[in-house]
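The structure appears right after this line, and notes come after that.
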Amino acid sequence: MISETRAPSRALLESFERDGYVVIEGALAPDAVDRLLKAVDRTWMQERGAPPVSGAPPLHLLAFCGREAAFLELLDHPATLPFVLDLLGPNIFMYHCHLDVHPPEPDVQRPWMWHQDGGIMNRDLESDPRPRMSVKLGYFLTDVSEPGFGNFVVLPGSHRRNTIERPADDDNDLPGAEPILARAGDAVLFDRRVWHMRGPNRSDRTRKALFFAYTYRWIRERDELHVRPDLLDLITPARAQLLGAGADAAHFWMLDHVDLPLKR
């Protein structure tokens, strides 16, 4: 499942800084995608009891990654984690994750979908623009290489704007918005501040994706994460750090005094 470590290219990092996101093509090998799809399908059945059908309510499951070995292996995936380390440094952990399954949906008026990640950060932090604070990886397990498949949609460059203009009619079709056309196995890395939404799934295919958000270890976790007891032997020192492990408060704040696995 694990591919070779990829060093972030200067071109991709420059693109990220300019646009607020970047597509990491082929981050997951086909056999990894297949294994993850099976894990997602098992999770759906545990939650819903019947296969997804057109019009079924979507599944947005928080704190999912401790349910399956395949999910845990994405924590420190060598094709993507180097980008996160380059942007945030080694004193990080995975503070938030969600599994998303979106069956085909009816063609009806949708509510306002545009947002920045970070929740309360966007009220508590005062600067303009606010600091990055975290980045997020979305792994696409189904093909969304055409619009209308529940694509991740962004306003490129909007990570440097605290606000965007909201139409009076809450129309989600904003000028300059771009749907990300990703193939199964591609990952999208994005700055939490970039304005984004999930586009409607008007296809005949259920859209499946996994999201992992990384931030500094001195920020509190967003999700109450639990790992299945039989999967604990998969928790390497690096994964333990990414799951929030630390000896005491100083361990999170005094980076020069600790030997972090991700520094190595």
Side-chain angles (χ1 to χ4, degrees), residues 1-3 5 24 27-29 31-48 52 58-85 87-88 90-102 117-119 133-142 150 152 182 184-190 192 196 198 206-217 219-246 252 260-262:
M1 171 157 182
I2 301 300
S3 62
T5 299
I24 305 172
L28 302 177
D31 63 326
V33 173
D34 182 66
R35 187 177 176 213
L36 287 161
L37 281 171
K38 290 175 181 175
V40 168
D41 290 345
R42 284 192 293 270
T43 303
W44 171 279
M45 292 299 291
Q46 291 164 6
E47 295 294 316
R48 297 293 170 82
L59 176 62
H60 177 69
L61 183 66
L62 303 179
F64 73 93
C65 81
R67 291 191 175 211
E68 294 268 355
F71 299 154
L72 284 171
E73 290 167 5
L74 291 179
L75 276 172
D76 56 348
H77 198 285
T80 53
L81 187 65
F83 287 85
V84 179
L85 293 172
L87 294 165
L88 298 181
N91 193 31
I92 60 169
F93 79 120
M94 190 281 296
Y95 78 112
H96 172 47
C97 62
H98 52 93
L99 176 153
D100 288 356
V101 178
H102 288 87
D117 285 350
M133 303 302 290
S134 70
V135 298
K136 201 171 196 178
L137 278 165
Y139 295 94
F140 288 86
L141 306 181
T142 49
F152 182 70
D186 289 350
V188 177
L189 173 69
F190 61 100
R192 71 157 193 96
H196 63 279
R198 180 188 59 82
T206 296
R207 177 258 214 189
K208 302 172 185 179
L210 306 172
F211 291 84
F212 292 78
Y214 299 82
T215 191
Y216 301 106
R217 294 168 68 242
I219 295 176
R220 294 177 65 91
E221 65 273 9
R222 164 68 173 77
D223 301 329
E224 293 291 340
L225 185 67
H226 301 283
V227 178
R228 269 176 33 200
D230 60 306
L231 299 180
L232 292 177
D233 60 344
L234 297 178
I235 307 304
T236 63
R239 289 175 185 168
Q241 177 187 325
L242 290 171
L243 291 171
F252 298 89
L260 291 178
L262 292 185

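Scanning both residues, G185 and V33, for their nearest heavy atoms gives CA-CG2, 3.6 Å. Between V40 and F71, the shortest heavy-atom contact is N-CZ, 3.9 Å. What you find for L88 and Y214 is that their closest heavy atoms are CD1-O, 3.5 Å. Across all their heavy atoms, A27 and H77 have their closest contact at O-CE1, 3.3 Å. Looking at every heavy atom in both residues, A79 comes nearest to I24 through O-CG2, 3.8 Å. In terms of heavy-atom proximity, D233 sits nearest to D230 at OD1-O, 3.6 Å.
Residues L242 and L262 form a side-chain contact, since some pair of their non-hydrogen atoms from C-beta on lies under 4.5 Å apart. A 4.5 Å side-chain heavy-atom check between L28 and Y139 finds at least one atom pair inside the cut-off. Side-chain contact between C65 and L74 is absent, with no heavy-atom pair separated by less than 4.5 Å. For the pair L210 and L141, the minimum side-chain heavy-atom distance is below 4.5 Å. The shortest side-chain heavy-atom distance between V101 and L61 does not fall under the 4.5 Å cut-off.
Taking the side chain to side chain contact (heavy atoms under 4.5 Å, CB included) definition, one finds that S134 meets it with Y95, R192, T215, sequence neighbours left out. For P237, the side chain to side chain contact (heavy atoms under 4.5 Å, CB included) test picks out P261, with sequence neighbours left out. Taking the ring pair (Phe, Tyr, Trp, His ring centres under 6.0 Å) definition, one finds that F190 meets it with F152, H196, sequence neighbours left out. The ring pair (Phe, Tyr, Trp, His ring centres under 6.0 Å) test applied to F211 returns H98, not counting sequence neighbours. Listed by chain and residue number, nothing satisfies the side-chain hydrogen bond (donor to acceptor under 3.5 Å, both in side chains) test with R48 (two or more places apart in sequence, or in another chain). Among residues two or more places apart in sequence or in another chain, the side-chain hydrogen bond (donor to acceptor under 3.5 Å, both in side chains) test is passed with E224 by none.
Summarising the geometry, atom OG1 belonging to T236 is positioned 5.5 Å from atom CG belonging to D76; distances are rounded to the nearest 0.5 Å. Note: F83 CZ to L137 CG = 9.5 Å, rounded to the nearest 0.5 Å. How far CG of L85 is from CD1 of I92: 4.5 Å, rounded to the nearest 0.5 Å. Put simply, NE2 on H96 and CD1 on I219 are 13.0 Å apart, with the number rounded to the nearest 0.5 Å. Separating the CG atom in L81 from the CE atom in M94 is a distance of 11.5 Å, to the nearest 0.5 Å.
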Chi angles and distances behind the side-chain contact (heavy atoms from CB on, under 4.5 Å) call for D223, E221:
CA-CA 6 Å; D223 301 329; E221 65 273 9; over 6 Å; no
Tell me, with the steps shown, if T80 and L189 meet side-chain contact (heavy atoms from CB on, under 4.5 Å).
CA-CA 8 Å; T80 53; L189 173 69; over 6 Å; no
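Although no hydrogens or angles enter the test, the distance criterion places a donor-acceptor pair under 3.5 Å between the side chain of R228 and the main chain of R67. Of the possible polar contacts, none joining the R239 side chain to the L75 backbone as a donor-acceptor pair under 3.5 Å is found. Here the side chain of Q241 pairs no donor or acceptor atom with the backbone of F93 at under 3.5 angstrom.
A salt bridge is defined here as a Lys NZ or Arg NE, NH1 or NH2 lying under 4.0 Å from an Asp or Glu carboxylate O, and D31 with R35 fails to meet this definition.
Between K208 and the choices D100, T142, D41, the side chain to side chain donor-acceptor pair (under 3.5 Å) rule is met once, by D41.
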